[in-house]
S.K.: 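Let me give you the structure first, and then I'll get to my questions.
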Amino acid sequence: MAAYLDDVVVHSERWEDHLERLRRVLLELRRAGLTANPKKCHLALSEAKYLGYQVGRSLIRPQEKKVAAILSAPRPSTKTQTALTSEPVLRAPDFNCPFLLLTDASDTGLGAVLSQVQDGEEHPVIYISRKLTSAEQRYATVEKEALAVKWAVLELRTQHLLRQLVFLENVVRASARFLKGKKLPQLPT
């Protein structure tokens with residue numbers, strides 16, 4: 001199950017599990033004094049539109065109208081357009097597999113990709129980014145890189161995607177030099 005504001009999606013691999021999860025969600029809604037609008041409810045779908053994506057069958061793809069908007073935009077470059085619109089763009093997370101977290105920072109923002117190796121290939125699970133505040137823009141490059149790691153881990157934990165982070169990859173060498181000799185908290189395994 002996933003919820004964002006007033007949108008709730010319930011997903012399961014087996015029909016029996018799905019019915020039980022749906023029953024529990026509806027029960028919790030009732031306990032909280034909330035209702036589900038029957039006109040907006042869609043049941044027993046193999047794929048659904050959710051938060052701008054087409055979700056289902058263990059894949060998360062951008063909706064066709066979103067892809068069309070990107071393709072018709074005058075910028076960015078063709079290479080970026082292709083990367084943003086290639087299917088599948090995202091894979092559903094498998095919480096039994098380790099996650100890879102790749103982070104980066106620029107003069108104006110932070111970015112991260114959470115990915116996993118599934119079927120022998122690395123696939124992105126989610127992309128996140130944010131702008132730097134004016135104060136953060138004055139940080140040294142090494143501090144921005146370290147901030148990107150900290151922010152990404154906290155943001156992904158908030159989204160309940162990082163129940164466990166097995167290892168970090170692509171943490172810039174400059175960040176390692178900056179942190180050298182400092183005692184870091186142990187991440188749970």
Side-chain angles (χ1 to χ4, degrees), residues 1-14 17-18 21-22 24-25 42 45-71 76-77 79-106 108-132 144-172 175-176 184-189:
M1 195 226 20
Y4 182 77
L5 299 177
D6 65 344
D7 290 326
V8 177
V9 63
V10 179
H11 51 87
S12 309
E13 289 189 26
R14 296 178 344 134
D17 296 337
H18 188 70
R21 288 179 181 174
L22 188 59
R24 288 192 319 227
V25 166
H42 305 282
L45 302 175
S46 58
E47 288 191 6
K49 292 178 180 174
Y50 185 68
L51 301 177
Y53 293 94
Q54 191 71 26
V55 180
R57 298 182 181 137
S58 295
L59 299 176
I60 304 169
R61 298 183 302 270
Q63 291 177 12
E64 288 181 19
K65 68 180 182 179
K66 307 285 185 188
V67 172
I70 292 170
L71 290 174
S77 71
K79 182 178 177 182
T80 305
Q81 285 177 334
T82 302
L84 289 172
T85 58
S86 300
E87 290 193 27
V89 174
L90 300 175
R91 284 277 180 109
D94 179 350
F95 292 102
N96 296 314
C97 294
F99 289 97
L100 292 90
L101 178 63
L102 298 107
T103 62
D104 200 7
S106 71
T108 59
L110 307 175
V113 179
L114 186 68
S115 61
Q116 289 184 303
V117 175
Q118 297 177 0
D119 303 323
E121 292 184 32
E122 185 178 341
H123 296 280
V125 173
I126 188 170
Y127 297 99
I128 58 173
S129 64
R130 76 165 175 86
K131 291 182 179 179
L132 291 172
K144 291 176 189 170
E145 295 288 351
L147 177 63
V149 174
K150 177 185 174 188
W151 164 77
V153 169
L154 293 175
E155 180 67 20
L156 293 167
R157 281 188 177 166
T158 300
Q159 295 183 28
H160 303 290
L161 283 170
L162 281 188
R163 295 178 187 161
Q164 61 175 347
L165 179 62
V166 176
F167 59 92
L168 297 173
E169 184 177 300
N170 201 31
V171 176
V172 177
S175 296
L184 297 176
Q186 194 73 354
L187 289 173
T189 58

S.K.: What's the shortest heavy-atom distance between Ser106 and Leu132, and which atoms?
M.R.: O-CD1, 3.5 Å

S.K.: Starting at OG1 of Thr108, measure out to NZ of Lys144 and round the result to the nearest 0.5 Å.
M.R.: 8.5 Å

S.K.: Rounded to the nearest 0.5 Å, what separation is found between the CH2 atom of Trp151 and the OG1 atom of Thr103?
M.R.: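 The OG1 atom of Thr103 is 9.5 Å from CH2 of Trp151, to the nearest 0.5 Å.
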
S.K.: At their closest point, which heavy atom of Pro124 faces which heavy atom of Val113, and how far apart are they?
M.R.: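 Minimum heavy-atom contact is CB-CG1, 4.0 Å.
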
S.K.: Drop me the distance from Ile126's CD1 to Glu155's CD, to the nearest 0.5 angstrom.
M.R.: 8.0 Å

S.K.: Which pair of heavy atoms, one from Ala112 and one from Leu101, lies closest together, and at what distance?
M.R.: CB-CD1, 4.1 Å

S.K.: Using every non-hydrogen atom in the two residues, find where Arg21 and Val10 come nearest and quote the distance to one decimal.
M.R.: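 Nearest heavy atoms, Arg21 then Val10: CB-CG1, 3.7 Å.
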
S.K.: Is the backbone N or O of Cys97 less than 3.5 Å from a side-chain atom of Gln118, with the two atoms forming a donor-acceptor pair by type?
M.R.: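 A pair under 3.5 Å: no.
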
S.K.: CG of Leu90 to NE2 of His123: how many Å apart, nearest 0.5 Å?
M.R.: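 Reported to 0.5 Å precision, the distance equals 11.5 Å.
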
S.K.: Which atom names give the shortest non-hydrogen contact between Gln116 and Pro93, and what distance separates them?
M.R.: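 Closest pair (atom of Gln116, atom of Pro93, distance): OE1-CA, 3.5 Å.
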
S.K.: Determine the minimum heavy-atom distance between Arg91 and Asp119, stating which atoms define it.
M.R.: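 Shortest heavy-atom separation between Arg91 and Asp119 comes out as NH1-OD2, 3.5 Å.
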
